[in-house]
*Asks:* 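One structure, pasted below without further comment.
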Amino acid sequence: MTAAQRAKQVLTDLNQLAIDGVYCFNLPPQVQDKTDQTVILITEVNDLPTTYGSNRTNEMEETVAVNLFYAENSSVNFDHVELAIVDAFEEHGWYCTYSPGHSLDPDTLQVTKVFQFKHLIRKDDI
């Protein structure tokens, strides 16, 4: 399982947030043009070996980007959705390392938000 797939599992419990889909690596073509849906795209930022012992690495530091695309004319409370995402990751041992402000996608005119989350995973658990 990849870091993006592990991150997707974290978000599967957030049904109450009006997220229409969570995707890894790319958005399917049938979703790319749908601006009436709120979707999340998860991509991998880095995967670094770390925590050395006996001249070997014991853990991997995984970082993923969570790209949130709000539905056009969305009436959801952005803060509520975003705090729930951060809380879900924290409950699973990830922490937020990057969270700039909202932006407007120039192609779809959807409001977007990006997060980066990082965690350590033992190589034995991969």
*Asks:* Sequence neighbours left out, what pairs pass salt bridge (Lys or Arg N to Asp or Glu O under 4.0 Å) with at least one residue falling in residues 84-113?
*Replies:* none

*Asks:* Out of curiosity, does Y23 fall in the hydrophobic cluster containing V114 (side-chain heavy atoms, cut-off under 4.5 Å, transitive links)?
*Replies:* no

*Asks:* Go through K34 and D36 one step at a time and tell me if the salt bridge (charged side-chain N to carboxylate O under 4.0 Å, His left out) criterion holds.
*Replies:* CA-CA 5 Å; K34 289 194 173 186; D36 62 338; 6.0 Å; no

*Asks:* Decide whether Q5 and T2 meet the rule of one side-chain donor and one side-chain acceptor closer than 3.5 Å.
*Replies:* yes

*Asks:* Quick one: side chain to side chain donor-acceptor pair (under 3.5 Å) partners of E72, sequence neighbours excluded?
*Replies:* T35

*Asks:* State, without any angle test, whether T63 and N46 hold a side-chain donor-acceptor pair at a distance under 3.5 Å.
*Replies:* yes

*Asks:* So does A71 get a backbone contact from the side chain of T38, meaning a donor-acceptor N/O pair under 3.5 Å?
*Replies:* yes

*Asks:* Test your reading of the model: is there a side-chain donor-acceptor pair from E44 to the backbone of A3, 3.5 Å cut-off?
*Replies:* yes

*Asks:* Going by heavy atoms in the side chains, are T112 and N67 under 4.5 Å from each other?
*Replies:* no

*Asks:* When the ring centroid of F78 is compared with that of H102, is the distance short of 6.0 Å?
*Replies:* yes

*Asks:* So do F69 and V111 actually touch side chain to side chain, heavy atoms under 4.5 Å?
*Replies:* no

*Asks:* Running the 4.5 Å side-chain criterion over Ile, Leu, Val, Met, Phe, Trp and Tyr, what cluster does I126 land in, apart from itself?
*Replies:* M60, I121

*Asks:* Do F115 and F117 have ring centroids that are under 6.0 Å from one another?
*Replies:* yes

*Asks:* Is there a side-chain contact between V76 and Y70 (heavy atoms, below 4.5 Å)?
*Replies:* yes

*Asks:* Distance check, rounded to the nearest 0.5 Å: Q116 atom CD versus T43 atom OG1?
*Replies:* 8.0 Å

